Amino acid sequence: MREREAEVEDDDDDEEDEGRVAAKIGRGRAAEDRRSRHCPYLDTINRSVLDFDFEKLCSISLSHINVYACLICGKYFQGRGLKSHAYTHSVQFTHHVFLNLHTLKFYCLPDNYEIVDSSLEDITYVLKPTFTKQHIAGLDKQGKLYRAYDGTTYLPGIVGLNNIKANDYANVVLQAFSNVPPLRNYFLEEENYRGIRRPPGDIMFLLVQRFGELMRKLWNPRNFKAHVSPHEMLQAVVLCSKKNFQITKQGDAVDFMTWFLNALHGALGGTKKKKSIIAKAFQGSMRIFSKKLPHPDLTPEEKQALLVTEEYQEQMSESTFLFLTLDLPTAPLYKDEKEQLIIPQVPLFNILGKFNGNTEKEYKTYKENFLKRFQLTKLPPYLVFCIKRFTKNNFFVEKNPTIVNFPITNVDLREYLTEEAQLTEKHTTYDLVANVVHDGKPTEGAYRIHVLHHGTGKWYEMQDLQVTDILPQMITLSEAYIQIWKRQESDDDTNNHTGV
């Protein structure tokens, strides 16, 4: 009996010990919860120094694993544990509030507890903006100005991009594509491309992720500042293009656009048969008629004999395109009587004549010469024109300063379609939505872009961080280099461009 009583007493003691431990844990959790929800250091956060546009690297170890941002000075540090860089920084400078850049959780160091507070949501939104379907659907219907944390007002989408050194050639292309609605809407929702499977070791998908992040930052209505730095996007460009396009060296906007469109198309799983969002927005098709020419050194009799053979007969092929290259007439060599070079002008429809199916142009290769003519068979929803301003020879690059006269709205391209296509294509009228301009010398020079804001119907000029509104009449006076035209899908589209 005594033994049984002793056993019962032991059990009671065990239960009391367990109860004490549970109470201690409960008290610990309650204290932890109290600290988490009532952190005394939240008023030390300095939102004006926070900038999440740059690469997420520890400022000391340069590691990108487990990086935290100090919300008091804006610097990035690795780790949270004892002796880590973030912990040392918190003790040394008494900066206590940190944000994990991957999990988006806030912590107080050196006490090392998580902070739970709804007032910090604006910081996580700037780091990782998200868009609902309703928000995306209303982007082109309203022109509301938003106020950034630093007090400046801005229109989402019409935001300056920082020129880090000589990357304005890439900035204008990124800004042009960020104002193409189907492309923008696709990249604003990460779910659209998150599930795309790529082979292991493929780095090109990084381009898609970074472009999506940049697009969301450009259209973020709750930014802390009215400009964005494309640093991470450009680093992905340098890496994926194997350093063909650099941040520190001026490049050609058309070369960059060509590579960028094809790289995005491939990274999104697009092929010749399988269409990506790039192909759906920009891809049209054309017929190419090519005829081989005899060598110019041959005698007339030999040329006549060759022209009869099958090899020198005209051949037709079908081809797709993402943009159309327009050739300018050669600029005058001589000055006029006032000792000034007249800047020549040419109407847009003159240089579009290349695609009417009758105009022949000679193309020279290393061995052979061809006569080619082109005719369009399918027009895309968004048509890109590249006006060929630069010609390279053995010694230097020359720029053609010819100004192209073009209307901003109602450009009808029906006459450049084949007869069959003219019957099937309902809408063939286009309005300008973006115009990239190159100013200055061929190898140096600077780029700027004119963009139509769909919500307000106003035109804006962007050059690096500068954003100004511009009259539509001024756009046609510039040396246009790349243009994006939007197809009118209904009769209502003609009223969208105010001020024209």
Side-chain angles (χ1 to χ4, degrees), residues 45-56 69 71 74 76 99-104 106 118-164 170-194 207-236 434 449 451-456 458 460 462 464-467:
I45 294 173
N46 185 1
R47 283 172 172 78
S48 59
V49 298
L50 298 184
D51 187 349
F52 301 121
D53 291 346
F54 290 93
E55 197 177 5
K56 314 294 187 282
L71 300 185
Y76 296 166
L99 165 64
N100 185 315
L101 295 173
H102 182 64
T103 63
L104 307 187
F106 296 88
S118 58
S119 69
L120 302 173
E121 280 177 10
D122 62 331
I123 296 174
T124 54
Y125 192 85
V126 167
L127 175 57
K128 199 170 183 183
T130 51
F131 291 81
T132 61
K133 282 188 165 53
Q134 290 87 343
H135 186 179
I136 292 170
L139 284 175
D140 290 336
K141 292 172 185 166
Q142 51 102 4
K144 185 180 166 189
L145 281 167
Y146 289 86
R147 190 175 292 278
Y149 183 78
D150 61 3
T152 50
T153 54
Y154 71 99
L155 272 169
I158 309 294
V159 177
L161 279 177
N162 188 17
N163 188 357
I164 297 164
N171 286 0
V172 289
V173 172
L174 297 172
Q175 276 166 326
F177 288 149
S178 74
N179 279 279
V180 173
L183 206 61
R184 174 200 68 200
N185 297 351
Y186 181 85
F187 281 98
L188 285 181
E189 277 194 279
E190 201 179 347
E191 292 75 40
N192 288 332
Y193 57 84
R194 190 186 281 152
L207 210 60
V208 175
Q209 291 170 322
R210 294 284 181 260
F211 187 53
E213 286 167 16
L214 180 69
M215 197 76 87
R216 289 190 285 277
K217 283 176 182 172
L218 285 172
W219 285 90
N220 181 4
R222 289 154 59 182
N223 260 332
F224 284 171
K225 55 193 188 321
H227 61 86
V228 173
S229 181
H231 187 248
E232 286 191 286
M233 174 75 227
L234 292 169
Q235 282 196 311
I449 181 171
V451 165
L452 172 73
H453 185 263
H454 297 277
T456 57
K458 287 183 181 175
Y460 290 88
M462 293 188 277
D464 300 334
L465 297 179
Q466 292 176 318
V467 179

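Computed from a predicted structure; not experimentally measured.
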Would you name the heavy atoms of [X] and [Y] that are closest together and state the gap between them?
| X | Y | answer |
| --- | --- | --- |
| A226 | A148 | N-CB, 4.1 Å |
| L234 | A170 | CD2-CB, 3.8 Å |
| G160 | V467 | N-CG2, 3.7 Å |
| A69 | L101 | CB-CD2, 3.8 Å |
| S229 | D53 | N-OD2, 2.9 Å |
| Y125 | P221 | OH-CD, 4.1 Å |

For [Y], does its backbone N or O pair with a side-chain atom of [X] as donor and acceptor, under 3.5 Å?
| X | Y | result |
| --- | --- | --- |
| Q175 | V159 | yes |
| W219 | S178 | yes |
| N192 | Y186 | yes |
| Y154 | Y146 | no |

In the structure I gave you, are the side-chain heavy atoms of [X] and [Y] within less than 4.5 Å of one another anywhere?
| X | Y | result |
| --- | --- | --- |
| E232 | K56 | yes |
| I123 | F224 | yes |
| L214 | F187 | no |
| R47 | V126 | no |
| V228 | M233 | no |
| L139 | P156 | no |
| L120 | L99 | no |

Legend entry - Single hit among R210, R216, K217 for salt bridge (Lys or Arg N to Asp or Glu O under 4.0 Å) with E213: R210
Inset, instruction - Write out all pairs satisfying salt bridge (Lys or Arg N to Asp or Glu O under 4.0 Å) with one or both partners inside residues 144-164, taking only residues at least two apart or from two chains. - result: none
Taking atom [atom1] of [X] and atom [atom2] of [Y], what is their separation to the nearest 0.5 Å?
| X | Y | atom1 | atom2 | answer |
| --- | --- | --- | --- | --- |
| H454 | N179 | NE2 | CG | 6.0 Å |
| D464 | I449 | CG | CD1 | 12.0 Å |
| N162 | D51 | CG | CG | 9.0 Å |
| M215 | E189 | CE | CD | 13.0 Å |
| Y460 | L155 | OH | CG | 4.5 Å |
| L127 | L50 | CG | CG | 10.0 Å |

Inset, instruction - Not counting sequence neighbours, which residues clear salt bridge (charged side-chain N to carboxylate O under 4.0 Å, His left out) with K141? List them please. - result: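 Expected list: none.
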Inset, instruction - Check whether more than 12 heavy atoms from other residues, nucleotides or ligands sit under 6.0 Å from atom NE2 of H135, and answer yes or no. - result: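 Enclosed.
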Legend entry - All side-chain hydrogen bond (donor to acceptor under 3.5 Å, both in side chains) counterparts of Q142, not counting sequence neighbours: none
Legend entry - Aromatic plane relationship, Y76 with F52 - under 30° parallel, 30 to 60° tilted, over 60° perpendicular: parallel
Legend entry - Verdict with reasoning, I158 to M462, per side chain to side chain contact (heavy atoms under 4.5 Å, CB included): CA-CA 8 Å; I158 309 294; M462 293 188 277; 4.2 Å; yes
